[in-house]
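Okay, structure first, notes after.
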Protein chains: 2
Amino acid sequence: MHKENLNDTRSSATKARLVNSTIESLIEIGFTKTTGVEVCRRAQLTRGALNHHFPDFSGLLVETLQSIYLQLLEIKLPLDVGLMEHILLEGHARIIRPEFKAVIELWLASKNDKQFGLRLVQAMELGSEMFSPQMVLEHKNQGVGSKEFEMIYRTISEALIGIGLGRAIGEGEPLAHESMVLHVLQGMAQTYDHQQLT
Amino acid sequence: MHKENLNDTRSSATKARLVNSTIESLIEIGFTKTTGVEVCRRAQLTRGALNHHFPDFSGLLVETLQSIYLQLLEIKLPLDVGLMEHILLEGHARIIRPEFKAVIELWLASKNDKQFGLRLVQAMELGSEMFSPQMVLEHKNQGVGSKEFEMIYRTISEALIGIGLGRAIGEGEPLAHESMVLHVLQGMAQTYDHQQLT
DNA sequence: GATAATACATACATCTATGTATGTATTCAA
DNA sequence: TTGAATACATACATAGATGTATGTATTATC
């Protein structure tokens, strides 16, 4: 991780270009057409470079998913509402990003491709909390109310993923009923948050 | 649609074999590896047959998705609970089927493949209600309470899709928190159903 | 019963991705 | 400064999928 020399600097820059091209390709044309050739074309590199940095293609996919997770988790909203409502709004801000389509593509790919699936579970928890990792951990094993927290949290998460999938396969724009669902979820979150105040 | 002659009977039987092989392939190895060759291998037919019945591969995909929809919509539960709760339980019974993974694969594919996407919207509404088509239509434009109905219905739908995706990319078994989410949704549904009684 | 259409199978050419080996310039380490 | 390692590019062989043309047996039509 010491980027003291030129080689390491150049190397990680090239890997980043490959990863970013993969994300771009997944978003634009999907996993099926995201081949080694296609990624190299977008990165303006040759397959020699790809093979040098990622001897196994699934390695590239793993790093790509990790990169997207980091990007999405960087999206943060001010904590000016209750905790659960905050998780909801922040999660929504994440799943509406085009990168979330790439996440779904990779989730499915990891199921269909044994190699990739195996390397993925080794590298990261696939179920790692996309919406609020640290919050969940904090609330777990906290005793009273932790169960209630997780129930609401999980429900919001699943609904957000559903909405994200809808966006991914739609025009990227919100489906007509998205605001309805958000409204219901917001009501749930606010109710929970108010309960916690007492 | 008149199956009076032998040709039509044989023809539709062969098409059904191709469609079923496609479903099987989508579930087992995903869209990426579901090629014309693969489908024919599973159906024990040659590409000549495939090309004869489906000159355009996207035609096969459209019929495949339609076939799965019909299969899933055939899954029905007795109406021994409130309407909304019934919709929830029936929807859940559908998204836990392995065929739902094939649905997601095809949804994504229709987004990534222009040809397929175009033919799909011509043939069916992609957003066609997977969970309770007629119910939604009945409640639409019904005035009082219809908005409330759709809000809850849409929220349940999105959460179910999220759960279905989780199953599709997991081991097909329920994720640990699935029962939690179901419990919350069931509470929402029951509350709504009780309100409607008054 | 002869002819045409249908329901497939077979065959070949092409295209694209991949595996892999090797070449070359740059950088590092002594 | 010189050898070795790194960071790529180039090249070729192979494999698998598709496009398409043609062959053949069965069925439908007259």
Side-chain angles (χ1 to χ4, degrees), chain A residues 1-22 24-26 28-64 105 109 112-116 119, chain B residues 1-22 24-26 28-64 105 109 112-116 119:
Chain A
M1 282 300 171
H2 313 280
K3 291 190 191 168
E4 292 148 13
N5 53 49
L6 289 177
N7 266 349
D8 285 357
T9 307
R10 182 184 181 91
S11 197
S12 57
T14 302
K15 290 180 80 174
R17 281 170 62 192
L18 288 168
V19 166
N20 289 330
S21 294
T22 305
E24 187 186 295
S25 178
L26 287 171
E28 290 182 13
I29 58 180
F31 180 77
T32 301
K33 296 177 198 155
T34 299
T35 66
V37 173
E38 175 66 22
V39 169
C40 292
R41 198 184 57 76
R42 288 174 184 263
Q44 305 211 73
L45 291 167
T46 62
R47 288 199 316 123
L50 175 61
N51 207 274
H52 178 71
H53 292 288
F54 300 99
D56 191 340
F57 192 73
S58 61
L60 171 63
L61 298 178
V62 169
E63 286 205 22
T64 298
E105 295 270 1
N112 293 323
D113 188 291
K114 272 197 164 186
Q115 270 277 80
F116 175 35
R119 298 202 45 171
Chain B
M1 285 300 171
H2 313 280
K3 292 190 191 169
E4 291 149 13
N5 54 48
L6 289 179
N7 266 349
D8 286 356
T9 306
R10 182 184 181 90
S11 197
S12 58
T14 301
K15 290 180 79 174
R17 282 171 61 192
L18 289 169
V19 166
N20 288 331
S21 293
T22 305
E24 187 186 295
S25 178
L26 287 171
E28 290 181 12
I29 59 179
F31 180 77
T32 300
K33 296 177 197 156
T34 299
T35 65
V37 172
E38 176 66 23
V39 170
C40 293
R41 198 184 57 77
R42 288 174 183 263
Q44 304 211 74
L45 291 167
T46 62
R47 290 200 313 123
L50 175 62
N51 207 273
H52 178 71
H53 292 288
F54 300 99
D56 191 339
F57 192 73
S58 62
L60 171 63
L61 298 178
V62 169
E63 286 204 22
T64 298
E105 294 270 1
N112 293 324
D113 188 291
K114 271 197 163 184
Q115 270 277 81
F116 174 36
R119 296 202 48 170

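Just so you know, these numbers come straight off a predicted model, no measurement behind them. Chain A is the first sequence line, chain B the second, and so forth, proteins listed ahead of strands; every chain is numbered from 1.
Rounding to whole angstrom units, CG of residue B:Asn51 and P of D:dA21 are separated by 11 Å. Separating the CG atom of B:Leu50 from the P atom of C:dA7 is a distance of 14 Å, rounded to the nearest angstrom. A:Asn5 places its CG atom 12 Å from the C1' atom of D:dA7, with the value rounded to the nearest Å. A straight line from CZ of A:Phe57 to P of C:dG19 spans 10 Å, rounded to a whole angstrom. Atom-to-atom, CZ of A:Arg41 to C1' of C:dA17 comes out at 14 Å; the value is rounded to the nearest Å.
Qualifying side chain to side chain donor-acceptor pair (under 3.5 Å) partners for B:Thr34, counting only residues two or more places apart in sequence or in other chains: B:Ser25. Judged as a salt bridge (Lys or Arg N to Asp or Glu O under 4.0 Å), and not counting sequence neighbours, B:Arg10 has no contacts. Evaluation of the salt bridge (Lys or Arg N to Asp or Glu O under 4.0 Å) rule for A:Arg119 yields A:Asp56 as partners, not counting sequence neighbours. Residues satisfying the salt bridge (Lys or Arg N to Asp or Glu O under 4.0 Å) criterion with A:Glu38, sequence neighbours excluded, are A:Arg41, A:Arg42. Not counting sequence neighbours, A:Ser21 has no partner by the side chain to side chain donor-acceptor pair (under 3.5 Å) test. With sequence neighbours left out, B:Arg47 forms a salt bridge (Lys or Arg N to Asp or Glu O under 4.0 Å) with no residue at all. Applying the side chain to side chain donor-acceptor pair (under 3.5 Å) criterion to A:Asp113, with sequence neighbours excluded, gives no partner residue.
Residue order along DNA chain D, read from the 5' end via each residue's closest nucleotide, puts A:His53 first among A:His53 and B:Pro55.
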Atom pairs, N/O to N/O, protein against nucleotides 2-6 of chain D, distance under 3.5 Å?
none

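Enclosure of atom NZ in B:Lys33 by more than 12 non-hydrogen atoms of other residues, nucleotides or ligands within 6.0 angstrom is indicated.
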- Item | Per-nucleotide protein contact string for nucleotides 10-17 of chain D, where B marks a base within reach and S marks sugar-phosphate only (heavy atoms under 4.0 Å, - for neither) | BB-----S

